[in-house]
Asker: 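Mind looking over this structure? Questions follow.
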Amino acid sequence: MFRILPIDTPTLGDRSYLVHDGTVALVVDPQRDIDRVLDLAATEGVRITHVFETHIHNDYVTGGYALAQTTGAAYHVNADDPVTFDRVAVHDGDVIAVGDAMRVRVLATPGHTFTHLAYALDVDGRQVAAFTGGSLLYGSVGRPDLLGPAHTDALVHHQYQSAHRLAGELPDDAGIYPTHGFGSFCSATQSEAVASTIAAEKRSNPALTKPEQTFVDDLLAGLDAWPAYYAHMAPANSAGPGAPDLSVPQRADAEQLRKRLANGEWVVDLRNRVAFAAGHVAGTLNVGLDGSFATYLGWLIPQGTALTLLGETVEQVAEAQRELVRIGIDRPAAHATGSPADWAGSAALEVFPRATFADLAQVRHHRAVVVLDTRRDLEAAAARIDGAVHIPLHELPRRVDEVPDGEVWVHCAGGYRASIAASILAAAGRRVVAVDDEFGKARESGLSVYIDRSPQAGS
């Protein structure tokens with residue numbers, strides 16, 4: 001019995017894999033919260049004997065070292081990666097036996113990083129799969145710019161060549177199992193695909209269908225900003241991070257919450273944007289668990305800032321902690337559960353309105369309001385409301401003073417980022433309205449929207 005079992009982390013857009021033959025298992029690119037991997041192995045009744053890293057990750061803290069320490073598995077990492085822990089150093093062309101039937105061949109596939117590896121899996125003499133990490137993704141490749149502009153040009157050409165190596169050395173029916181590409185900012189572009197093969201990628205992946213320079217030019221033109229916390233991931237992963245502490249942080253009462261806010265700490269309300277707008281503690285920020293919570297909180301919060309989590313239940317706080325340890329935010333300073341009334345004590349709750357693009361169109365007919373677009377640069381370049389001020393959400397905390405005076409109607413592409421931005425502005429004393437609507441409805445609502453028709457628009 002041979003199985004490849006994905007372990008999804010949808011909020012970060014990544015997948016890990018547990019692969020087994022019914023007795024022994026290998027794991028590829030495990031996330032920090034290794035209890036998920038251990039539980040799956042226990043459910044399957046298999047023993048983890050090997051752990052493989054495709055690269056030193058930029059978008060999450062690995063669980064590979066901790067998993068190997070916990071299980072006694074061999075931990076396979078590129079010999080050229082400058083890590084500070086003991087590992088089984090692997091090189092291009094190495095073949096590792098896992099159990100009686102599985103063989104893993106190491107393939108150098110630079111491009112996402114210079115030392116990136118893919119792992120080709122052979123079962124009973126048949127090449128069945130390749131674990132491609134941030135190399136060949138579904139309809140895309142891993143982005144080549146995360147090591148800085150000095151390396152981007154070399155890496156994007158490496159990505160093209162690595163994709164062709166995989167396509168040339170693996171059979172058409174081999175399955176492709178990438179780590180990135182499910183919403184991760186490590187992917188150059190996004191795909192809706194949930195499975196693929198070498199043959200399918202040969203038909204559709206730009207790295208395999210376009211001339212090299214066309215591929216390079218198109219990919220580079222479509223790259224936008226990535227989360228600020230990425231800068232801290234590679235150093236953490238090179239040091240061999242241990243297993244996280246997911247125990248409940250200390251509880252804070254209303255008075256303690258007030259003091260934390262007064263001290264400039266971050267107090268984050270985990271509820272959805274509808275509930276937050278209807279009533280919240282003054283000065284708190286809304287980063288809901290119903291969206292890309294860890295990505296945006298990790299992107300926005302200054303490194304080392306004390307963090308308190310507010311959730312309706314202990315389970316919500318625990319979910320948030322699990323999300324945060326994956327990006328290296330290990331211990332919140334405190335937490336509180338219950339309702340906003342519990343957290344506010346004797347203080348009055350604050351509210352702000354939610355609206356649609358149709359509401360915005362109506363209001364602009366009879367009074368002037370500030371329209372703030374918090375989408376990323378490429379989104380705003382492709383289509384934007386005439387007269388809107390554009391400040392990407394990840395830049396807003398340091399650019400609040402640039403928002404013009406007056407009532408601010410905040411929008412993004414669907415409402416999630418707008419609520420985060422509205423909470424930031426409200427905490428700064430601004431009068432805000434959160435546009436909780438799909439941006440595609442702006443034009444049909446009567447707003448004047450400029451649309452860029454160029455080939456790269458919205459890429």
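Predicted, not measured: the structure shown is a model, and the values here were computed from it.
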Asker: Return the orientation label for the F85 and Y65 ring planes: parallel under 30°, perpendicular over 60°, tilted otherwise.
Answerer: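 Tilted: the ring planes of F85 and Y65 meet at 30° to 60°.
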Asker: State, yes or no, whether a side-chain contact exists between F52 and V27 at a heavy-atom distance under 4.5 Å.
Answerer: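 With C-beta onward as the side chain, the pair stays apart.
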Asker: Is there a donor-acceptor contact under 3.5 Å from the side chain of N58 to the main chain of Y230?
Answerer: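 No, because the side chain of N58 does not come within donor-acceptor range (under 3.5 Å) of the backbone of Y230.
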Asker: To the nearest 0.5 angstrom, please state how far the CG atom of L372 sits from the CG atom of L425.
Answerer: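 Between atom CG of L372 and atom CG of L425 there are 6.5 Å.
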Asker: If we only count heavy atoms from C-beta on, is the Y177 to T132 side-chain gap below 4.5 Å?
Answerer: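 The answer is no; the side chains never approach within 4.5 Å.
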Asker: Examine distances only and state if a side-chain atom of Y416 and a backbone atom of D436 form a donor-acceptor pair shorter than 3.5 Å.
Answerer: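 Side chain of Y416 to backbone of D436, a donor-acceptor pair under 3.5 Å: no, none is there.
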Asker: Of all heavy-atom pairs between P82 and S238, which one has the smallest distance, and what is that distance?
Answerer: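 What the structure gives for the nearest pair is O-CB, 4.1 Å.
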Asker: Which distance, rounded to the nearest 0.5 Å, do you find between the CZ of R260 and the OG1 of T308?
Answerer: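 It comes to 4.5 Å.
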Asker: Heavy atoms only: give me the nearest H411-R375 pair and the separation to one decimal.
Answerer: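 Residues H411 and R375, closest heavy atoms: CE1-NE, 3.8 Å.
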Asker: Measure across E312 and T337 and return the closest heavy-atom pair with its distance rounded to 0.1 Å.
Answerer: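 Heavy atoms only, the tightest pair is O-CB, 4.1 Å.
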Asker: Are the charged groups of E402 and R399 less than 4.0 angstrom apart, N to O?
Answerer: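 Salt bridge flag = yes for R399 with E402.
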Asker: Looking at P110, is its backbone amide N or carbonyl O close enough to the side chain of S162 to form a donor-acceptor pair, meaning the two atoms are under 3.5 Å apart?
Answerer: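 Yes; judged by distance alone, with no hydrogens or angles, the pair exists.
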Asker: Answer whether the closest heavy-atom distance between the side chains of T197 and D173 falls below 4.5 Å.
Answerer: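 Side chain of T197 against side chain of D173, heavy atoms only: no contact under 4.5 Å found.
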Asker: Taking all non-hydrogen atoms of both residues, which atom of R273 and which atom of S419 are closest, and how far apart?
Answerer: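 Heavy atoms of R273 and S419 come nearest at CB-OG, 3.2 Å.
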Asker: For the pair N286 (side chain) and D269 (backbone), establish whether a donor and an acceptor sit closer than 3.5 Å, ignoring hydrogens and angles.
Answerer: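 At least one qualifying donor-acceptor pair exists.
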Asker: May I ask you to check whether over 12 heavy atoms, not counting those of R47, lie within 6.0 Å of atom CZ?
Answerer: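 No - once you tally the heavy atoms of other residues, nucleotides and ligands closer than 6.0 Å, there are 12 at most.
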Asker: Counting N and O atoms only, with roles assigned by atom type, does the side chain of R15 sit under 3.5 Å from a partner on the main chain of G181, one being a donor and the other an acceptor?
Answerer: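 No, the answer is negative, given that no donor and acceptor are paired below the 3.5 Å cut-off.
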Asker: Which pair of non-hydrogen atoms, one from A336 and one from V317, has the smallest distance, and what is that distance?
Answerer: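 Looking at all heavy atoms of both residues, the shortest contact is O-CG2, 4.4 Å.
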Asker: Short question: side chain of T313, backbone of Q316 - any donor-acceptor pair under 3.5 Å?
Answerer: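 Side chain of T313 to backbone of Q316: a pair is present.
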Asker: Should H112 and H57 be marked as a ring pair (Phe, Tyr, Trp, His ring centres under 6.0 Å) after you check the CA-CA gap, both sets of side-chain angles, and the distance that decides it?
Answerer: CA-CA 10 Å; H112 190 44; H57 301 283; 8.4 Å; no
Asker: Side chains of residues 326-335: which donor-acceptor pairs under 3.5 Å do they make with residues two or more places apart or in other chains?
Answerer:
| residue | atom | partner | partner atom | Å |
| --- | --- | --- | --- | --- |
| R326 | NE | D33 | OD1 | 3.0 |
| R326 | NE | D33 | OD2 | 3.3 |
| R326 | NH1 | E323 | OE1 | 3.4 |
| R326 | NH2 | D33 | OD2 | 2.7 |
| D330 | OD1 | R32 | NH1 | 3.0 |
| D330 | OD2 | R32 | NH2 | 3.0 |
| R331 | NH1 | D245 | O | 3.4 |
| R331 | NH1 | S247 | O | 2.6 |
| R331 | NH2 | S247 | O | 3.4 |
| H335 | ND1 | P249 | O | 3.0 |
| H335 | ND1 | Q250 | O | 3.2 |

Asker: Out of curiosity, I34 CD1 to S16 OG, how far, rounded to the nearest 0.5 Å?
Answerer: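 If we round to the nearest 0.5 Å, I34:CD1 and S16:OG are 11.5 Å apart.
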Asker: Does a side-chain heavy-atom distance below 4.5 Å link F2 with D21?
Answerer: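 Side-chain contact under 4.5 Å: no.
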Asker: Just by distance, do the side chain of R203 and the backbone of I198 share a donor-acceptor pair under 3.5 Å?
Answerer: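 Such a contact is absent between R203 side chain and I198 backbone.
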Asker: Please name the residue in the list N237, N78, T62 that meets the side-chain hydrogen bond (donor to acceptor under 3.5 Å, both in side chains) test with E53.
Answerer: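 Output: one option passes, namely T62.
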Asker: Strictly below 4.0 Å, N to O, side chains only: are D92 and R105 in salt-bridge contact?
Answerer: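 No salt bridge links D92 with R105.
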Asker: With distance as the sole test, does D94 use its side chain to make a donor-acceptor pair with the main-chain N or O of H91 at under 3.5 Å?
Answerer: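 Here the side-chain-to-backbone pair exists.
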Asker: Any ring-ring contact (aromatic ring centres under 6.0 Å, His included) involving residues 298-323? Give me the pairs, sequence neighbours left out, ordered by first then second residue.
Answerer: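 Listed once each, the pairs are F185-W299, Y296-W299, W299-H394.
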Asker: So do T109 and L166 actually touch side chain to side chain, heavy atoms under 4.5 Å?
Answerer: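 They are in contact (side-chain heavy atoms under 4.5 Å apart), so the answer is yes.
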Asker: Could you check T115 against D81 for side chain to side chain donor-acceptor pair (under 3.5 Å), going step by step and ending with a plain yes or no?
Answerer: CA-CA 7 Å; T115 57; D81 282 325; 2.4 Å; yes
Asker: L5 versus V19: any side-chain heavy-atom pair under 4.5 Å?
Answerer: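 They are not in contact (no side-chain heavy atoms under 4.5 Å apart), so the answer is no.
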Asker: Determine, for E395 against R376, whether the closest basic-nitrogen to carboxylate-oxygen distance falls under 4.0 angstrom.
Answerer: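 Not counted as a salt bridge, because no side-chain N and carboxylate O are separated by less than 4.0 Å.
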Asker: Are side-chain N/O atoms of E265 and T305 paired as donor and acceptor at under 3.5 Å?
Answerer: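 Their side chains do not contain a donor-acceptor pair, so the 3.5 Å distance test is not met.
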Asker: Where is the tightest heavy-atom contact between V141 and F215, given as atom of each residue plus distance?
Answerer: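 Closest heavy-atom pair between V141 and F215: CG2-CZ, 3.9 Å.
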Asker: Check whether the side chains of E201 and S196 place a donor and an acceptor atom closer than 3.5 Å, and report yes or no.
Answerer: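 The criterion, which ignores hydrogens and geometry beyond distance, is satisfied for S196 and E201.
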Asker: What's the separation between atom OG in S135 and atom NE2 in H116, rounded to the nearest 0.5 Å?
Answerer: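 Going from OG on S135 over to NE2 on H116, the span is 5.5 Å.
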Asker: How many angstroms lie between atom CG of L155 and atom CZ of R143, to the nearest 0.5 angstrom?
Answerer: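 Result: 12.5 Å between the selected atoms.
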Asker: Take V435 and T356 through the test side chain to side chain contact (heavy atoms under 4.5 Å, CB included) and record every step on the way to the result.
Answerer: CA-CA 5 Å; V435 178; T356 65; 5.8 Å; no
Asker: Between I7 and Y17, is there a side-chain heavy-atom distance shorter than 4.5 Å?
Answerer: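 Counting from C-beta outward, Y17 and I7 never come under 4.5 Å.
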Asker: Are any of the side-chain heavy atoms of H180 and D59 separated by less than 4.5 Å?
Answerer: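 With C-beta onward as the side chain, the pair touches.
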Asker: Checking Y229 against H232: is there a side-chain donor and acceptor pair closer than 3.5 Å?
Answerer: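 No, because no side-chain N or O of H232 sits under 3.5 Å from a partner of the opposite role on Y229.
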Asker: State the CG-CG distance between D35 and L67, to the nearest 0.5 angstrom.
Answerer: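 The CG atom of L67 is 10.5 Å from CG of D35, to the nearest 0.5 Å.
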Asker: With side-chain contact (heavy atoms from CB on, under 4.5 Å) as the test, pick out the partner of L396 among I420, V410, I391.
Answerer: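 Running side-chain contact (heavy atoms from CB on, under 4.5 Å) over I420, V410, I391 with L396 returns exactly one hit, I391.
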